[in-house]
Protein chains: 2
Amino acid sequence: MSLPHAILTALLEKPSSGLELTRRFDRSIGYFWSATHQQIYRELGKLEAEGHIRALPSEQPARGQKKSYEVLPAGRAELARWTAASQDPKPYRETLFLRLRAAAAIGTEGVAGIETDLRRHLELHRRQLSEYEEIEQRDFPPGKDSPQDRLQHLILRAGIDLETFWTRWLTHALEEFAQLPDQSR
Amino acid sequence: MSLPHAILTALLEKPSSGLELTRRFDRSIGYFWSATHQQIYRELGKLEAEGHIRALPSEQPARGQKKSYEVLPAGRAELARWTAASQDPKPYRETLFLRLRAAAAIGTEGVAGIETDLRRHLELHRRQLSEYEEIEQRDFPPGKDSPQDRLQHLILRAGIDLETFWTRWLTHALEEFAQLPDQSR
DNA sequence: ACTAACATGTAACACGTTACATGATTGT
DNA sequence: ACAATCATGTAACGTGTTACATGTTAGT
């Protein structure tokens, strides 16, 4: 039950239409919570029905017409409740590790195919890492340290550290692959 | 579409019944791909219908009777195909980061509630980290380095590095919280 | 008039979660 | 006989994914 709260957070930061939300979920919010426009429209309907948000009155509601939403007090209260509630970490699911284990179980033929994709993932994570580092330089110069800035920076640091982990681990994995006997590749 | 391949991998390593699989998904495989017994039984039914696995003939099929499965050649081929296929990283979803951003958007009241849960998560990740480190000492002494061992060790290293990231980042986050002005807590 | 981009949606399906149901085996 | 545990399943629901449908606005 996190998507509605992600949307409430986004709308609290700035009232938006469905498509504007979709764009924001492709950028900043999407770095740690992704969502497609189909999910967003479905959830906007639910949140409005529950009285957590409302459409800004100015615009007429019709297909193809932009419709912006804002958070109501009930929505803000629900978000505060959810944020403070104790939650267990979600069970972890990572396809790459699974594929490595499958490769080990299959043996020779299994190991051969996966190396190319490891290189591709390494490249993707390197790009994500430099994107985060650019954001850090641009948006968090030394001295910007209101409580809001500190929290946002904390989240960005997590992204940077995670991408650093991936680039290091994938590099290490490829080195290990290079050392495997030839009949396993 | 990863759960069927996780089950194929587990059965390839060792033919098992549904409950045995459930137990294994609570331990080693579950460290990077979790699944409940309901998911496993549903998927075993599908895999059998597709001809990827079969029940070991010895035992009679009845409710409450143990039923073990083994991988058929078609299943092994499908697993090899899937392992070698190029796959994009899954969109990332991390509740903790979302909650921090929500706290920042809400302001004072939002920040107050989350600190306790950060401490709890830090404790959980510390425990997971020492569990992984024990496994490394027990199962991967120096000198054990067949291709299979190397791949398994690689996966374990990823787990150790990820838990190390979490303990470091959560510790840093709590230090930042301690520096926030009092009215934000 | 046509096309592309914008904007909002529907439908069908796959996957994951939670609660519950049922029979078999073992210990007391 | 009873309870606990083992073992396999069903049902309902929520969330995420993919494909498609429909109207609007702006440019040529």
Mind calculating the distance between [atom1] ([X]) and [atom2] ([N]) to the nearest angstrom?
X     : N      : atom1 : atom2 : answer
A/Q39 : C/dC13 : CD    : P     : 19 Å
B/Y41 : D/dA11 : OH    : P     : 17 Å
B/E43 : D/dT8  : CD    : C1'   : 16 Å
A/I7  : D/dG16 : CD1   : C1'   : 13 Å

Kindly point out which of [options] is positioned nearest to the side chain of [X]?
X     : options               : value
B/R42 : C/dG16, C/dA7, C/dA12 : C/dG16
A/R93 : C/dG16, D/dG9, C/dT8  : C/dG16
B/Q38 : C/dA19, D/dC6, D/dG16 : C/dA19
B/K67 : C/dT8, D/dG16, D/dT8  : D/dT8

Between the two ends of the helix from C/dA1-D/dT28 to C/dT28-D/dA1, what is the bend in degrees, rounded to 10 degrees, where each end axis spans five pairs? 0°
Which residues pass the salt bridge (charged side-chain N to carboxylate O under 4.0 Å, His left out) test with B/R93, not counting sequence neighbours?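 Counting only residues at least two positions away or on another chain, B/R93 forms no salt bridge (charged side-chain N to carboxylate O under 4.0 Å, His left out).
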Is any side-chain N of the basic residue among [X] and [Y] closer than 4.0 Å to the acidic one's carboxylate O?
X     : Y     : result
B/E70 : B/R54 : yes
A/R24 : A/E13 : yes
A/E20 : A/K14 : no

When all nucleic acid strands are considered with a 4.0 Å heavy-atom cut-off, which category describes A/S17: base, sugar-phosphate, or nothing?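 Contact class for A/S17: sugar-phosphate only.
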Using a 4.0 Å heavy-atom cut-off, does A/K46 contact any base of the nucleic acid, only the sugar-phosphate backbone, or nothing at all? sugar-phosphate
Provide the full list of ring-ring contact (aromatic ring centres under 6.0 Å, His included) pairs with a residue in residues 108-130 of chain B, sequence neighbours left out, each pair given once.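 Checked against ring-ring contact (aromatic ring centres under 6.0 Å, His included) - neighbours excluded - the pairs reaching residues 108-130 of chain B are B/H125-B/W166.
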If you find the nucleotide of DNA chain D closest to B/P91 and the one closest to B/G18, which residue's nucleotide is nearer the 5' end?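 Nearest nucleotide further toward 5': that of B/G18.
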Donor-acceptor check, side chain of A/W82 to backbone of A/P4, threshold 3.5 angstrom: yes or no? no
